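As C-alpha cells, the structure follows; a few thoughts come after it.
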Protein chains: 2
Amino acid sequence: MLGLLREPHSGYDIKKHFEQSLRNFWQAELSQIYPLLQKMEAEGLVRSRHGASDIGPTKRIYKRAQKGTKELHRWLEEGPIIGKDRISYLAQVYFLADLDDIDKAISYMKSLRDEITKKVAALEIIESNWRSNDTRYPNDLADEEFYPHLTLALGIKRLGATGEWCEDSLRKMQVRRRWTNAKRSQL
Amino acid sequence: MLGLLREPHSGYDIKKHFEQSLRNFWQAELSQIYPLLQKMEAEGLVRSRHGASDIGPTKRIYKRAQKGTKELHRWLEEGPIIGKDRISYLAQVYFLADLDDIDKAISYMKSLRDEITKKVAALEIIESNWRSNDTRYPNDLADEEFYPHLTLALGIKRLGATGEWCEDSLRKMQVRRRWTNAKRSQL
DNA sequence: AGCAACTATGTCAATACTTATATAGTTGGA
DNA sequence: TCCAACTATATAAGTATTGACATAGTTGCT
C-alpha cells in the first residue's frame with residue numbers, strides 16, 4: 001500500500017489496484033485496507049485529504065508522507081523476501097492420493113489446467129493492451145511501468161510453465177490409471 | 001494438517017513436514033500448529049494419544065478421525081483454489097522504481113536470482129535422492145509419493161522459469177541503465 | 001561442569017486477514 | 001418506478017498467523 005500511495009489514492013482505488021495489476025501476487029479486501037490506512041495515518045506514514053467524487057460519497061484521498069517513503073525504501077533495501085510463497089492448490093495436489101480415486105484426481109487436475117489456461121489468456125490480453133497502448137514499448141517504458149511490466153511477464157511465464165506441468169501431470173496420471181487397472185484385473 | 005494426519009504425527013513432526021516437503025507452497029509455525037491441533041481435536045477431526053520419545057519430553061501423537069477424512073475430501077472435491085497465491089518478492093519488484101536508483105534495483109534482482117538459484121539446486125538434490133532411493137522410479141511410485149513428487153516437479157519447473165526471468169530482467173535493466181546514462185549525458 | 005543444539009509442548013500478545021453487515025449516493029436499464 | 005450494479009467508506013466478529021517467551025529433557029562437545 002505504501003508503494004501504491006506514491007500517487008494519491010482512495011481506499012477504493014487501492015482495492016482496484018489489488019484486483020488489477022497486483023492480483024498475480026497479492027490481494028487485500030476493503031475491510032483490511034480501510035483500517036490499515038487509518039493506522040498508517042496515525043503512524044505518520046501517509047496523509048489524507050478529502051476529494052470530491054463524480055459519483056457516490058466523498059472520497060478520502062491518501063498519499064504517502066516522507067516517513068512512508070523511508071519505510072518503503074527500507075523494506076525494498078532489505079532484499080528479496082523469499083520462502084513465504086503460498087500456493088493453495090499445490091496443498092491440494094499434494095494430498096490428492098487421499099481420495100483413493102484416480103478419476104477424481106484426474107478431474108481435479110483437468111479443472112486446474114482449465115483455470116490456469118483462462119488466467120494465462122487473461123494476462124496475455126493485458127500484456128497485448130500494454131504493447132498497443134504504448135508506442136514506446138518495450139524499450140522506452142516509464143520507470144513506473146517498467147517494473148510492473150516485469151511482474152506481468154513473470155506471471156505469464158510461471159502460469160505457462162504451470163499449464164505445461166498440468167498437461168504433463170495428466171499424462172502421468174493417465175498412464176498410472178491404465179497401469180493400476182491392468183494390475184487390478186490380474187488379481 | 002488433516003492431509004498429513006493420515007499417518008500419526010506429533011505437532012513437532014508436522015512442523016518438520018512443513019519445513020521439508022511442504023515448504024514450496026505453505027508454511028506454519030509451531031505456535032500455530034499446537035493450538036490448531038487442540039482445536040481440531042475438540043471438533044472431532046483428529047484424535048490424540050501419548051507416545052514415548054527417544055529423547056526429550058513425551059510426545060502427543062495426533063491422527064485423523066473419520067470426520068477429519070470427510071472434511072479433507074470435501075475440501076479436495078471443492079476443486080482447485082486459485083487466485084490466492086502470494087509471492088512477496090514480486091510486490092517488491094513491482095515498486096523497485098521507487099528507489100530511483102537503477103543500481104540498487106539491479107542488485108536487488110541479482111540477489112533474487114542468487115536465492116532462486118540456491119533453491120533450485122536444493123530442490124534438485126531432493127529430487128535426485130528420490131530417484132536413487134526408489135528403484136521403482138518413476139512409474140511405480142506409491143500413491144503417497146506420486147502426488148508429492150508432482151508438486152516437487154512443479155516447484156523445480158517454476159523456480160527454473162523464475163531464474164530465467166531474473167536473467168532476462170537483469171539484461172533489460174542493464175540496457176535501461178546504459179540508455180538512461182546516455183540520455184543524462186546529453187543534457 | 002557448562003554450553004550449544006536439538007527434541008518436544010505449550011502460552012501470550014500482537015498483527016494480518018476474511019466474511020458479513022451497514023450506510024449512502026449515482027447510473028442505467030426493464 | 002424499481003432494481004441491479006457500481007462508487008465509496010466503515011465497523012464488528014471471527015479466524016489465521018507470527019514472534020516472543022517459558023519449560024524441560026537429551027546429546028555431544030569443550
Side-chain angles (χ1 to χ4, degrees), chain A residues 1-5 8-20 22-23 25-43 45-63 71 75 78 81-88 91, chain B residues 1-5 8-20 22-23 25-43 45-63 71 75 78 81-88 91:
Chain A
M1 279 173 55
L2 282 176
L4 291 173
L5 290 174
H9 288 300
S10 69
Y12 198 78
D13 289 341
I14 289 173
K15 172 62 175 163
K16 280 188 181 165
H17 278 279
F18 275 109
E19 278 167 0
Q20 289 155 17
L22 306 175
R23 78 158 127 205
F25 50 87
W26 206 274
Q27 57 156 16
E29 298 302 321
L30 283 170
S31 54
Q32 186 182 8
I33 293 168
Y34 286 120
L36 186 52
L37 284 170
Q38 290 165 17
K39 199 192 161 206
M40 291 198 303
E41 184 160 33
E43 288 168 351
L45 299 171
V46 300
R47 266 176 267 143
S48 76
R49 56 179 174 81
H50 290 281
S53 172
D54 300 341
I55 193 180
T58 328
K59 288 181 176 182
R60 182 176 284 271
I61 309 287
Y62 291 86
K63 190 170 187 294
E71 175 61 18
W75 177 65
E78 270 177 1
I81 301 170
I82 36 157
K84 293 202 171 180
D85 301 3
R86 186 177 296 183
I87 306 159
S88 310
Chain B
M1 279 173 55
L2 281 175
L4 290 173
L5 290 175
H9 288 300
S10 68
Y12 198 79
D13 288 342
I14 288 173
K15 172 62 175 162
K16 280 189 180 166
H17 279 277
F18 275 108
E19 278 167 358
Q20 289 155 19
L22 306 176
R23 79 159 127 200
F25 50 87
W26 206 273
Q27 57 155 16
E29 298 303 321
L30 283 170
S31 55
Q32 186 181 9
I33 292 167
Y34 286 119
L36 187 52
L37 284 169
Q38 291 165 16
K39 199 193 163 203
M40 291 199 300
E41 184 160 35
E43 287 167 353
L45 298 171
V46 300
R47 266 177 267 142
S48 77
R49 57 179 173 78
H50 288 280
S53 172
D54 299 344
I55 193 180
T58 329
K59 288 181 178 184
R60 181 175 285 271
I61 308 288
Y62 290 87
K63 191 171 187 291
E71 177 61 17
W75 178 64
E78 270 177 2
I81 301 170
I82 36 158
K84 294 202 171 180
D85 301 4
R86 187 178 297 182
I87 305 158
S88 310

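None of these values were measured; they are calculated from a predicted model. Numbered from 1 within each chain, the chains take letters A, B, ... in sequence-line order.
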Next on the checklist: Does dT9(C) have its OP1 or OP2 closer than 4.0 Å to a side-chain nitrogen or oxygen of S10(B)?
Outcome noted: yes
Checklist entry - Can you tell me if the side-chain N/O atoms of K16(A) get under 4.0 Å from OP1 or OP2 in dC6(D)? => result no
Checklist outcome for this item: Between CG of D13(B) and C1' of dC6(C) the distance, given in whole Å, is 14 Å
Checklist entry - Would a distance-only check, ignoring hydrogens and angles, find a side-chain to backbone donor-acceptor pair under 3.5 Å from K63(B) to V46(B)? => result no
Next on the checklist: Without decimals, in angstroms, what is the distance between R60(B) CZ and dT11(C) P?
Outcome noted: 10 Å
Item to check | Chi angles and distances behind the side chain to side chain contact (heavy atoms under 4.5 Å, CB included) call for I87(B), K84(A) | outcome: CA-CA 7 Å; I87(B) 305 158; K84(A) 293 202 171 180; over 6 Å; no
Item to check | Side-chain touch F25(A)/S88(B), heavy atoms, less than 4.5 angstrom | outcome: no
Item to check | Length of the NZ-P vector between K59(B) and dC6(C), whole Å | outcome: 17 Å
Next on the checklist: Just to be sure I understand the geometry, which residues of residues 33-40 of chain B put a non-hydrogen atom under 4.0 Å away from DNA chain C?
Outcome noted: Y34(B), Q38(B)
Checklist outcome for this item: Per side chain to side chain contact (heavy atoms under 4.5 Å, CB included), Y62(B) is matched among H9(B), R49(B), E41(B), R47(B) by E41(B)
Item to check | Euclidean distance, atom NE2 of residue H17(B) to atom P of dA8(C) [Å, nearest integer] | outcome: 12 Å
Next on the checklist: Please give me the minimum heavy-atom distance between I61(A) and P8(A), naming the atom from each residue.
Outcome noted: CG2-CB, 3.5 Å
Checklist entry - Can you find a heavy atom in the side chain of M1(B) that is under 4.5 Å from one in the side chain of I33(B)? => result yes
Close N/O contacts between protein and nucleotides 17-20 of chain C (under 3.5 Å):
{"from": "dC17(C)", "atom 1": "OP1", "to": "R86(B)", "atom 2": "NH1", "distance (Å)": "2.9"}
{"from": "dC17(C)", "atom 1": "OP2", "to": "Q32(A)", "atom 2": "NE2", "distance (Å)": "2.6"}
{"from": "dC17(C)", "atom 1": "O5'", "to": "Q32(A)", "atom 2": "NE2", "distance (Å)": "3.2"}
{"from": "dT18(C)", "atom 1": "OP1", "to": "Q27(A)", "atom 2": "NE2", "distance (Å)": "3.1"}
{"from": "dT19(C)", "atom 1": "O4", "to": "S31(A)", "atom 2": "OG", "distance (Å)": "2.5"}

Checklist entry - For M1(B) and dA16(D), what is the distance between atoms CE and P respectively, to the nearest whole Å? => result 11 Å
Item to check | Atom-pair distance (CD on E19(B); P on dC6(C)), nearest Å | outcome: 11 Å
Checklist entry - Which one of L36(A), L4(A), L22(A) satisfies the side chain to side chain contact (heavy atoms under 4.5 Å, CB included) criterion with I14(A)? => result L4(A)
Checklist entry - Should Y12(A) be listed as having a side-chain N or O under 4.0 Å from OP1 or OP2 of dT9(D)? => result no
Checklist outcome for this item: Between the CD atom in Q38(B) and the CD atom in E43(B), the distance rounded to the nearest 0.5 Å is 12.0 Å
Checklist entry - Heavy atoms, side chains only, cut-off 4.5 Å: are K59(B) and H50(B) in contact? => result no
